[in-house]
Enquirer: 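One structure, pasted below without further comment.
Side chains included, hydrogens not; waters and symmetry mates left out as well; all remaining heavy atoms used. As the structure lists them, so they are numbered: ligands from 1, and atoms in each ligand from 1. Not measured: the values here are computed from a predicted model.
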Amino acid sequence: MNRTLYGNLIFELSKEGRRGYSLPSNRFGHYALPQELRRQHDAELPECDEMTVVRHYTNLSGNNFGVDNGFYPLGSCTMKYNPKVNEEIAALPQFQNLHPMQPKSTTKGALAVVKMLEEQLCALTGMSHFTFKPYAGAHGELTGLMVIDNYHRSRGDLQRKKVIVPDSAHGTNPASAAVCGLEILEVKSTEKGLVDVADLERLVQQEGPNIAAMMMTNPNTLGLFESAIPAITKLIHDCGGLMYYDGANLNPMLGACRPGDMGFDVMHINLHKTFSTPHGGGGPGSGPVGVREGLQSFFPVVSPYYGNFSVLLKACVYIMSLGRNYIKEVGPLATLNANYIKESLKDVYALPIEGLCKHEFVFDGLKDKTTGVTTMDVAKRLLDYGYHAPTIYFPLLFHESLMIEPTENESKDTIDGFIAVMRRIAEEAKTHPELVTSAPHDTPIGRVDDVLAAKHPVVTYRQLLNDKRDD
Ligand SMILES: *Cc1c(COP(=O)(O)O)cnc(C)c1O
C-alpha cells in the first residue's frame, strides 16, 4: 500500500497545547453534570491550529471521486448529472429550514411540492398513487411487498407467501422479499438474457395458489427490454398474484413506455438514480412506491413524515426543468449512449448478448482470454486514467461481468474519451499485461488486498498508527 500519498492522520499532526479556537469566558457559572454522566478521562482529541485542520481536510477531499469531477459509468446504480439548479432551490431557506413539527399552515408550499411530484410520477409511470416514505430503493421494495402482502391478507388469501424473482435481479429484490417474510422462487433467464417464460409457466403450475407476486426489473439488469411482459403479467394475474416493477433505473423508459400500461400493480422508483440527486457514500436516497388504483389503502407506515424531503424537492425540480417535452428525450438518449459504447468496444471486449440494449449493457471481460487480465484489472486500470470503474462481477450470470451505463447526460466527447481508454487498456492487456494486473499506479492507495481488508478491517486511528509503526 502506498501510504506516502495517503497523507497523515489528523492525530499525527497534533501538537500538545496547540489550539485552533478559544471559548469566550464563562459568564453563566458552573452547572455540574451528575458524576455518572461525566468522562473519567479527558477525550483524546487532536490539537491543531486552524490552518492545519483546514488544509488537512481540504487536501483529503481532493481524493474523492464524484460525478462532478469525472465520468462515472457505473451500471445499475446510475450516478447522474445533478443539475446545480436543484441545489439552488433546495438551499432556499424556506425549504432548508423546514421542520416536520412546524404548524401546518406554514408548510403548505412543501406539501404542494410533494403533491406535484406525485402527479408527475403518476403521469410518467401510469400508477395512480405514490407514497414518499421509503428512504431508498430497497426500502421501497420492502414497502411495495408489504402493500402486496396486506392486499392478499385483506382478502383472507393467507397462503400467498412466495415471490418470483428472476436470477438476473438486483440482490435487494430477494433480500427485501425475505425481510418481508416471503419465500423466494427463482425463475431462470434464457440464453438471450430474458425471463424464461417456460420456466415461469412451470413455477406457476406448481405454486399458483401460493404466489403473492412476481418482481421484475425492466429493462432488466442486463439492460435488456423484457419483451414477454404481456404474457408474463397474464400468467401471474391469472394465478392471483400481483406484478411488482423495480423501477430503480427508470431513465431508459422515460417518454417511451409506462409500467402501469404494461400491467404492473406496484412499483418503486429510485429518485436518487432516475431523477438525479447526488447519492454518494450511501445517501441520501428516496424510493417512492407507486400503486394502481385500489391498492393505496394498503400502504404501510415505514417512516415518519414525508421521507427525505430534500430529495423529493430536487427530483421535482429536475422533472420541471426538463418539462413535458424534454423529459421524453431522456430514455432515447440513455439508450443511444449505451449502444454507442457497446458497439464501439465489442471487437475487443466479449459481448455475451448481442443486439440492442437499453440504458446499460454487460461485457464478459476482455475478448482475448489468453492475456490473463481480468475484469478486476481493467476496472483498476481505468482509475489510472481518471475514470470511475463500471460495475464489476454483477450480474452473476457471467464470470467476468463488466457492466457499463453512461447515462443520458454525457457528451459525445466524454464518451469517445472513455471508449479510447477502454481500447487502450485492451491493447495494454496484450502488450504489457503486468501494467494492467498491478494497477492502479496513480491513486493515493494502490491495489488493496480485498480479503485482508474484509478479514482484518482497520477501523480506528490507533490501529492505523500501529500498522504504520510496524511497516
Ligand atoms: C440500486 C438498485 C436497487 C436498490 O436501491 P437502493 O437505493 O440502493 O436501496 C434495487 N434495484 C435495482 C435494479 C437497483 O439498481
Enquirer: With atoms numbered from 1 as shown, which atoms in ligand 1 lie under 4.0 angstrom from a non-hydrogen atom of K273?
Expert: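 Under 4.0 Å from K273, ligand 1 has these atoms: 1 (C), 2 (C), 3 (C), 5 (O), 14 (C), 15 (O).
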
Enquirer: Quick one: which ligand 1 atoms are inside 4.0 Å of a heavy atom on A136?
Expert: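 Atoms satisfying the 4.0 Å criterion: 7 (O), 9 (O).
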
Enquirer: Around atom 9 (O) of ligand 1, find the nearest protein heavy atom and jot down its residue, atom name and distance.
Expert: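 Scanning the protein heavy atoms, the shortest distance from atom 9 (O) of ligand 1 goes to A138 N, 2.8 Å.
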
Enquirer: Say whether G285 and ligand 1 are in contact under the criterion: heavy-atom distance to a ligand atom below 4.0 Å.
Expert: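 Per 4.0 Å heavy-atom rule, G285 does not contact ligand 1.
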
Enquirer: Mark yes when over 12 heavy atoms from residues, nucleotides or ligands other than F65 sit less than 6.0 Å from its CZ; otherwise mark no.
Expert: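 Counting neighbours around CZ of F65, more than 12 heavy atoms of other residues, nucleotides or ligands fall under 6.0 Å, so yes.
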
Enquirer: Short list, please: which atoms of ligand 1 are under 4.0 Å from a heavy atom of E141?
Expert: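 The list of qualifying atoms is 10 (C), 11 (N).
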
Enquirer: Does N270 approach ligand 1 within less than 4.0 angstrom via side chain, backbone, both or neither, non-hydrogen atoms only?
Expert: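 Side chain only.
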
Enquirer: Does Y151 have R153 sitting over its ring (NZ/CZ under 6.0 Å from centre, angle to axis within 45°)?
Expert: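 Here R153 fails the 6.0 Å and 45° test against Y151.
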
Enquirer: Please write down residue, atom name and distance for the protein heavy atom closest to atom 6 (P) of ligand 1.
Expert: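 Scanning the protein heavy atoms, the shortest distance from atom 6 (P) of ligand 1 goes to G137 N, 3.4 Å.
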
Enquirer: Write down the atom of A177, the atom of I184, and the distance for their closest heavy-atom approach.
Expert: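 Of all heavy-atom pairs spanning A177 and I184, the closest is CB-CG1, 4.0 Å.
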
Enquirer: Is it true that R381 and D442 make a salt bridge, defined as a side-chain N closer than 4.0 Å to a carboxylate O?
Expert: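 The answer is no: the pair does not qualify as a salt bridge.
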
Enquirer: Anything under 30° is parallel, anything over 60° is perpendicular, the rest tilted; go ahead and classify Y135 against H139.
Expert: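 Correct class here is parallel.
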
Enquirer: Examine ligand 1 and decide if any of its atoms is less than 4.0 Å from a heavy atom belonging to H139.
Expert: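 Flag not set, H139 not near ligand 1.
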
Enquirer: Within a distance under 4.0 Å of any heavy atom of N249, pick out the atoms of ligand 1 and give their elements.
Expert: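 Those atoms are 13 (C), 14 (C), 15 (O).
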
Enquirer: Of all the non-hydrogen atoms in the protein, which one sits nearest to atom 13 (C) of ligand 1, and at what distance?
Expert: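 That would be D246 OD2, 3.5 Å.
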
Enquirer: Are more than 12 heavy atoms from other residues, nucleotides or ligands located less than 6.0 Å from atom NZ of K412?
Expert: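 Atom NZ in K412 is not crowded, with 12 or fewer foreign heavy atoms closer than 6.0 Å.
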
Enquirer: Salt bridge between D261 and R258, side-chain N to carboxylate O under 4.0 Å?
Expert: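 So D261 pairs with R258 through a salt bridge.
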
Enquirer: Assess whether a salt bridge exists between K369 and E400, defined as any Lys/Arg side-chain N lying under 4.0 Å from an Asp/Glu carboxylate O.
Expert: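 Result for this pair is no, no salt bridge flagged.
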
Enquirer: Parallel, tilted or perpendicular for Y387 and F418, by the 30°/60° rule?
Expert: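 Perpendicular: the ring planes of Y387 and F418 meet at over 60°.
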
Enquirer: Ligand 1 and N173, any nitrogen or oxygen pair closer than 3.5 angstrom?
Expert: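 N/O-N/O distance under 3.5 Å: no.
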
Enquirer: Report yes if some N/O of A248 lies less than 3.5 Å from some N/O of ligand 1; otherwise report no.
Expert: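 So ligand 1 has no N or O lying under 3.5 Å from an N or O of A248.
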
Enquirer: Among all protein heavy atoms in this structure, tell me which lies nearest to atom 15 (O) of ligand 1, with the distance rounded to 0.1 Å.
Expert: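 Nearest protein contact, heavy atoms only, for atom 15 (O) of ligand 1 is S76 O, 2.4 Å.
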
